[in-house]
**Student:** 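The structure is given below, and queries will be raised subsequently.
So that the names make sense, note that chain A is the first sequence line, chain B the second, and so on, each numbered from 1.
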Amino acid sequence: MENDMVKNDLMKHVFNSDAMFFRIGELSAMTGVSSRQLRYWEKKNYIQSIQRDDDQTARVFHFQQYARVTGIKYFLDEGYTLATAVAKVNEYIDISKYVHKFVRESIQNVEKHDDAVTIDLGWFNEAKHERLKADLNGDKFEYRIEKS
DNA sequence: ATTCTGACA
DNA sequence: TGTCAGAA
């Protein structure tokens with residue numbers, strides 16, 4: 001639908017916006033991690049800033065690094081050492097990466113109806129005679145097996 | 001005004 | 001890790 005196209009472009013615009021990039025002072029203020037620590041973490045390769053092509057030296061961090069830094073600080077506050085905190089964050093990022101991949105590959109099709117949306121989740125069994133479907137109504141949803 | 005690197009009363 | 005200097 002045309003409406004969906006608009007929303008997609010809007011989302012792309014939002015996530016590619018300059019607002020998603022931060023300099024060290026901003027990132028520090030947002031996360032409560034000192035700029036001194038941020039520079040040290042980068043030197044240790046625990047976080048990374050954008051590769052800058054110009055002659056500027058000021059670090060620029062992408063939004064994803066905000067998530068990383070926040071995660072590292074969380075485990076640090078839990079009492080873990082810096083190296084362990086980083087390992088924990090990497091583990092979570094790894095897991096979420098697989099979960100995202102799983103979810104993406106699980107969704108075979110999204111069928112829009114008048115009042116609801118049905119998500120096709122693929123074959124329900126090895127015999128491939130039934131498919132698992134999820135009917136969405138607002139924020140509610142139900143699973144259903146559909147003969148194929 | 002901010003950030004960068006290097007150094008340590 | 002904080003902080004300060006001197007430069008960009």
**Student:** Could you tell me the separation between the CD atom of Gln37(A) and the P atom of dT3(B), rounded to a whole number of Å?
**Tutor:** 16 Å

**Student:** Please report, rounded to the nearest Å, how far the P atom of dT2(B) is from the CD atom of Gln56(A).
**Tutor:** 16 Å

**Student:** Please report the distance, rounded to the nearest Å, between OH in Tyr40(A) and P in dT3(C).
**Tutor:** 18 Å

**Student:** So do Tyr143(A) and Leu121(A) actually touch side chain to side chain, heavy atoms under 4.5 Å?
**Tutor:** yes

**Student:** Are Lys147(A) and Glu130(A) close enough for a salt bridge, meaning some N to O gap below 4.0 Å?
**Tutor:** yes

**Student:** Which of these, Arg144(A), His113(A), Lys140(A), sits in a side chain to side chain donor-acceptor pair (under 3.5 Å) with Asp135(A)?
**Tutor:** Arg144(A)

**Student:** Is it true that Glu78(A) and Lys88(A) have a side-chain N and a carboxylate O under 4.0 angstrom from each other?
**Tutor:** no

**Student:** Within a reach of under 6.0 Å around OH of Tyr92(A), are more than 12 heavy atoms found that belong to other residues, nucleotides or ligands?
**Tutor:** no

**Student:** Is Glu26(A) atom CD crowded by more than 12 heavy atoms from other residues, nucleotides or ligands, each under 6.0 Å away?
**Tutor:** yes

**Student:** Going 5' to 3' along nucleotides 4-9 of chain B, which nucleotides have protein heavy atoms under 4.0 Å from the base (write B), which only from the sugar-phosphate (write S), and which from neither (write -)?
**Tutor:** SB-B--

**Student:** Identify the nucleotide, in any strand shown, that forms a Watson-Crick or G-U wobble pair with dG6(B), with both distances under 3.5 Å; if there is none, say none.
**Tutor:** dC4(C)

